[in-house]
Number of protein chains: 2
Amino acid sequence: MPVKVKRKEHINSAARNLFRERGYSATSMRDIASTVGIEVASLYNHIDSKESMLQQICFTMAEKFLAIIPLVKHLQERPEEQLKEAIRLHVLVITSHADESAVFVHEWKHLSEPHLSAFKKMRNNYEGFYRDLIRRGEELGLFKNIHEKFVMMVLFSSINWLYDYYKPNGKLNPSQISDIITDIFLNGIKNN
Amino acid sequence: MPVKVKRKEHINSAARNLFRERGYSATSMRDIASTVGIEVASLYNHIDSKESMLQQICFTMAEKFLAIIPLVKHLQERPEEQLKEAIRLHVLVITSHADESAVFVHEWKHLSEPHLSAFKKMRNNYEGFYRDLIRRGEELGLFKNIHEKFVMMVLFSSINWLYDYYKPNGKLNPSQISDIITDIFLNGIKNN
DNA sequence: CCTACCGATCGGTAGG
DNA sequence: CCTACCGATCGGTAGG
């Protein structure tokens, strides 16, 4: 990898990590510079601005999540199996990008317009996909009849904290994690 | 209520709300002052510092949550019923203090020492109570045998986002919310 | 990639 | 409760 690209990646990875640990607002460009080991001014040879780094993280992750939708739809199976597969892929994205996932979940509100609106739109699309799956499961009598938005929220909140739990060398690997989540969640909402 | 107390409460409520909406770091004392309708300097006749307001919120909420433990233990029932009651009370605290709950969940990391350590200790005690309940349920064969820390995390993450969902005039009241959460969660972890 | 520097804003204080 | 102000720090730029 060229030296310049490597340095840029170093800066972005420091930013990701600090944004996650301290939050976007509490992280200064000086923090990032000193983590990387260069002067603040030098950062700007590689990146455009503090917010541009936040944008990159949020939108890259949004795309990774949205890419799950066509993969799952392509399966053409029942809502239960589709949901299972969607959870499996979602967990894979989170566990393989823990820092970025934390920033995606918590720091998007610091985006400025028009990025903020664009981000919310993408997130709504993603959530809508799960709501539809849940609604279809309810209509087919597979799931209990609960307000889909509520069930969707329970699912997402159970899943979106995994970046905090997951450790690459921990007791559970991504596959075991999604199995357990799927087991608890699907048994929880299953009719009978 | 005396005028002075009323003004203080006004300041604290503005702070709670802004800390929740924008985050602690992104909220300035000038934001709080202008929401209340006074000058920044005047804030300091009522409060000690920006962090003192964060401390007040975090520790007041920690105490409200910890107060649930003796109430539940006093019941002397099976883990399943104790867990159900704990969830009911936890949801009540969150739904009746939505702003403070959001701050409690997300902004505690901006506490300085020794408050930060004290806060973490209280939170660990609270989480430990739920882990014990879950472990006892597993030992009695009532719950599936899953790593209790993981189950505890799923439970808390499902519950701690409720401040975002709950609207005082929304479709579900606190009692319905805890019924659904309990239903999904306990069926999810129940043995058969 | 650094030195030197910018205007803006930060939390907070003195003094009345 | 306000006017006036403090030193520190912010994101970012000019110029080499």
Side-chain angles (χ1 to χ4, degrees), chain A residues 1-58 103 106-116, chain B residues 1-58 103 106-116:
Chain A
M1 191 156 30
V3 174
K4 184 133 191 184
V5 173
K6 216 168 157 184
R7 177 53 54 99
K8 184 173 181 175
E9 180 45 37
H10 191 181
I11 292 170
N12 279 321
S13 113
R16 279 199 293 269
N17 192 253
L18 288 164
F19 289 171
R20 176 205 181 150
E21 298 297 340
R22 310 183 183 178
Y24 175 77
S25 291
T27 300
S28 71
M29 295 303 277
R30 278 141 183 98
D31 292 334
I32 297 171
S34 78
T35 298
V36 175
I38 58 178
E39 292 300 316
V40 196
S42 307
L43 291 174
Y44 293 90
N45 286 298
H46 301 91
I47 55 106
D48 288 335
S49 66
K50 189 185 176 188
E51 200 191 308
S52 74
M53 292 191 287
L54 178 64
Q55 286 163 22
Q56 220 229 43
I57 298 167
C58 290
V103 174
H106 297 299
E107 307 300 328
W108 58 267
K109 66 180 163 204
H110 298 110
L111 290 169
S112 63
E113 293 293 359
H115 313 286
L116 182 60
Chain B
M1 193 155 31
V3 173
K4 184 132 192 186
V5 174
K6 216 169 155 182
R7 175 53 55 97
K8 184 173 180 174
E9 179 46 35
H10 190 180
I11 292 169
N12 279 320
S13 112
R16 278 199 294 270
N17 192 252
L18 288 164
F19 288 171
R20 178 206 180 148
E21 299 295 340
R22 309 183 185 178
Y24 176 76
S25 291
T27 300
S28 70
M29 294 304 276
R30 277 140 182 99
D31 292 334
I32 297 172
S34 78
T35 299
V36 175
I38 60 178
E39 293 298 319
V40 195
S42 308
L43 291 174
Y44 293 90
N45 286 298
H46 303 279
I47 55 107
D48 289 335
S49 65
K50 188 186 177 189
E51 200 192 309
S52 74
M53 292 190 287
L54 178 63
Q55 285 164 22
Q56 220 229 41
I57 298 167
C58 290
V103 174
H106 296 300
E107 307 300 328
W108 59 267
K109 66 180 162 202
H110 297 110
L111 290 169
S112 63
E113 293 294 0
H115 313 287
L116 182 60

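What you see below is based on every heavy atom in this structure, not just the backbone, and it leaves out hydrogens, waters and symmetry mates. In what follows, every chain begins at residue 1, and chains take the letters A, B, ... in the order their sequences are listed.
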Once you round to the nearest 0.5 Å, how far does NE2 of A:His115 lie from CD of A:Gln55? 4.0 Å
Respond yes when some side-chain nitrogen or oxygen of A:Ser42 is under 4.0 Å from OP1 or OP2 of C:dC2, and no when none is. yes
Please give, in whole Å, the distance from D:dC6 P to B:Tyr44 OH? 17 Å
Would you kindly give the NE2-to-P distance between B:His110 and C:dC10, to the nearest whole Å? 16 Å
Please state how far atom CG in A:Asp31 lies from atom P in D:dT9, giving the value in whole angstrom units. 11 Å
What's the CD1-P distance between B:Ile32 and C:dG11, to the nearest Å? 8 Å
Compare the minimum distances between each of C:dG11, C:dC2, D:dG11 and the side chain of B:Ser28, then state the nucleotide with the smallest one. C:dG11
Which residue lies more 5' along DNA chain D, comparing A:Met29 with B:Arg30 via nearest heavy atoms: B:Arg30
Enumerate donor-acceptor pairs with a distance under 3.5 Å from any side-chain N or O in residues 15-25 of chain B to protein atoms, sequence neighbours excluded.
residue, atom, partner, partner atom, Å
B:Arg16, NE, B:Glu100, OE2, 3.4
B:Arg16, NH2, B:Glu9, OE2, 3.0
B:Asn17, ND2, B:Asp99, OD2, 3.0
B:Arg20, NH1, B:Asp99, OD1, 2.7
B:Arg20, NH2, B:Tyr163, O, 3.1
B:Arg22, NH1, B:Asp31, OD1, 3.4
B:Arg22, NH1, B:Asp31, OD2, 3.1
B:Tyr24, OH, B:Glu51, N, 3.2
B:Ser25, OG, B:His110, NE2, 3.3

Within the 4.0 Å heavy-atom criterion, would you say B:Thr27 contacts the bases, only the backbone, or no part of the nucleic acid? sugar-phosphate
Kindly compute the distance separating CD (A:Gln56) from CD1 (A:Ile47), expressed to the nearest 0.5 Å. 10.5 Å
Closest of D:dC2, C:dC2, C:dG12 to the B:Glu39 side chain is D:dC2
Return the 5'-most residue of the pair B:Asn45, B:Ala41 with respect to DNA chain C, ranking by each residue's nearest nucleotide. B:Ala41
Only Watson-Crick and G-U wobble pairs with both distances less than 3.5 Å should count. Give DNA chain D in dot-bracket notation, marking inter-strand partners with |. ||||||||||||||||
